[in-house]
Student: 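What follows is a single structure, and I will ask about it in a moment.
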Amino acid sequence: MIVEPAPAKLNLALHVRARRADGYHDLETLFAFVADGDTVTLTPAAHDGFTITGPFAAGLSGEGDNLVTRARDAFRTTFGSGDRLAILLDKHLPVASGIGGGSADAAATLRGMARLYGAALDDPALMAIADRLGSDVPACLVGRTMIGRGRGERLTPIDAPTLPVLLVNPGVAVSTAQVFAGWDRIDRGPIAEGDALTIALAGRNDLEPPARALAPAIDTVLALLNAAPGVSLARMSGSGATCFALFDSAAARTDAAATIRTAQPGWWCLETNLA
Ligand code: C5P
C-alpha cells in the first residue's frame, strides 16, 4: 500500500503575459506548496476501484471522469503495468478553487504508481503524462517551489522560506477557463528577479480582476485577510476563489483564522505552512 500526499498548490504570483493561438495563455508564475492537502492511497487489489472520502467528496465525479483515474490509465498506457488497484482519494481541498486540488491528486497518483512499479520520479515519460493531464500537473508532480513558464509546465526550482500561511475559500467554485477568458489581454510585465519572497511581494495575480467579477465574495476574503495583523502578503491563488495570506508568525495566523471563522462560519479556512 502507498499513501501519497497531494498538497495544495499556491501561485504566490501569477503574471499572464499573452493569449496563445491554441487558446491557452503564456504565464510566469511562482508555484509554492503547503504542508496539507488531499491524500491518495493505492492498494494492489483483485479489481480496480476508486473511492472518494473526506469533507469535499460530494460533487466529484467518480471512475472514468476524474483526474485520478485518468492519471492511473495514462500511467498504465505508458509504463504497461498490469496490476489492479484500489484507489482511495481523501478529499480535503475545495474543488475548482485555484489551489490545484485535481492536479495535486493526479500528480500524487502518478508519484504513487511510480513508487509501486519502480519508475523514476524524474522520468521524462512521467512528466509528459503530467503535462497532458493539465497545466498545473507537472508542477504538482515535482511539488516544490518553482517558477513556471509557458502554460505553467516549464519549471525552474527556486529556494523559498517556510512561512505560516492561511488559506481561505468563500465556498464559490469558479471555472478556470472562464476566468482566463475574462483576462483583459493587457501584458503588465514579467515577474521580478530575485528570491522567492521578492518575486511574491513584487508580483500580482492577473487573474484576480476577472475572478472577482465572477465571484465578488473574493473581495470580502481579500479585505479580511489584508486587515489581519501580521500579514505580509494577501493574494488570490490561481484562478480563485481561494486566497492566501503569508504571516510573520504562527500566532498571527491563528488569530486571523479565528477572526475569519467567527465572521464567516461557512467559509473554508486552512492554517498551514509553506512547504
Ligand atoms: O490545463 P488545464 O486543463 O488545467 O486548463 C484549464 C483551462 O484553463 C484551459 O482549458 C484554458 O482555458 C485555461 N488555461 C489557460 N492558460 C493556461 C492554463 C489554463 O488559458 N496557462
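Whatever order the structure lists them in is the order used to number ligands and atoms, beginning at 1. What's counted below: heavy atoms across the whole structure, side chains too, no hydrogens, waters or symmetry copies.
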Student: Report yes or no: is the cationic atom of R151 (NZ for Lys, CZ for Arg) closer than 6.0 Å to the six-membered ring centre of Y24, at no more than 45° off its axis?
Tutor: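 Yes, R151 lies over the aromatic ring of Y24.
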
Student: So which of R149, R20, R17 actually passes side chain to side chain donor-acceptor pair (under 3.5 Å) with D26?
Tutor: R20

Student: Please tabulate, for the side chains in residues 37-44, all donor-acceptor contacts under 3.5 angstrom to protein atoms that are two or more places apart in sequence or on a different chain.
Tutor:
from : atom 1 : to  : atom 2 : distance (Å)
D38  : OD1    : H92 : N      : 2.7
D38  : OD1    : L93 : N      : 2.8
D38  : OD2    : K91 : NZ     : 2.5

Student: Taking side-chain hydrogen bond (donor to acceptor under 3.5 Å, both in side chains) as the cut-off, I'd like each qualifying pair that reaches into residues 215-228, sequence neighbours left out, listed once.
Tutor: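 Counting only pairs at least two positions apart or across chains, the side-chain hydrogen bond (donor to acceptor under 3.5 Å, both in side chains) contacts touching residues 215-228 are R212-D219.
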
Student: Under a strict 4.0 Å criterion on non-hydrogen atoms, which protein residues are in contact with ligand 1?
Tutor: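 These residues qualify: G23, Y24, H25, L27, G134, S135, R151, T176, A177, F180.
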
Student: Could you go through residues 1-11 and list every donor-acceptor pair under 3.5 Å that involves a side-chain atom there, pairing it with any protein atom two or more places apart or in another chain?
Tutor:
from : atom 1 : to   : atom 2 : distance (Å)
E4   : OE1    : R115 : NH1    : 2.6
E4   : OE2    : R111 : NE     : 2.8
E4   : OE2    : R115 : NH1    : 2.9
K9   : NZ     : N11  : OD1    : 2.8
K9   : NZ     : G98  : O      : 3.4
K9   : NZ     : D136 : OD2    : 3.1
N11  : OD1    : G238 : N      : 3.0
N11  : ND2    : T29  : OG1    : 2.9

Student: Got more than 12 heavy atoms from elsewhere within 6.0 Å of CG, D184?
Tutor: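 Yes, the 6.0 Å shell around CG holds more than 12 heavy atoms from other groups.
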
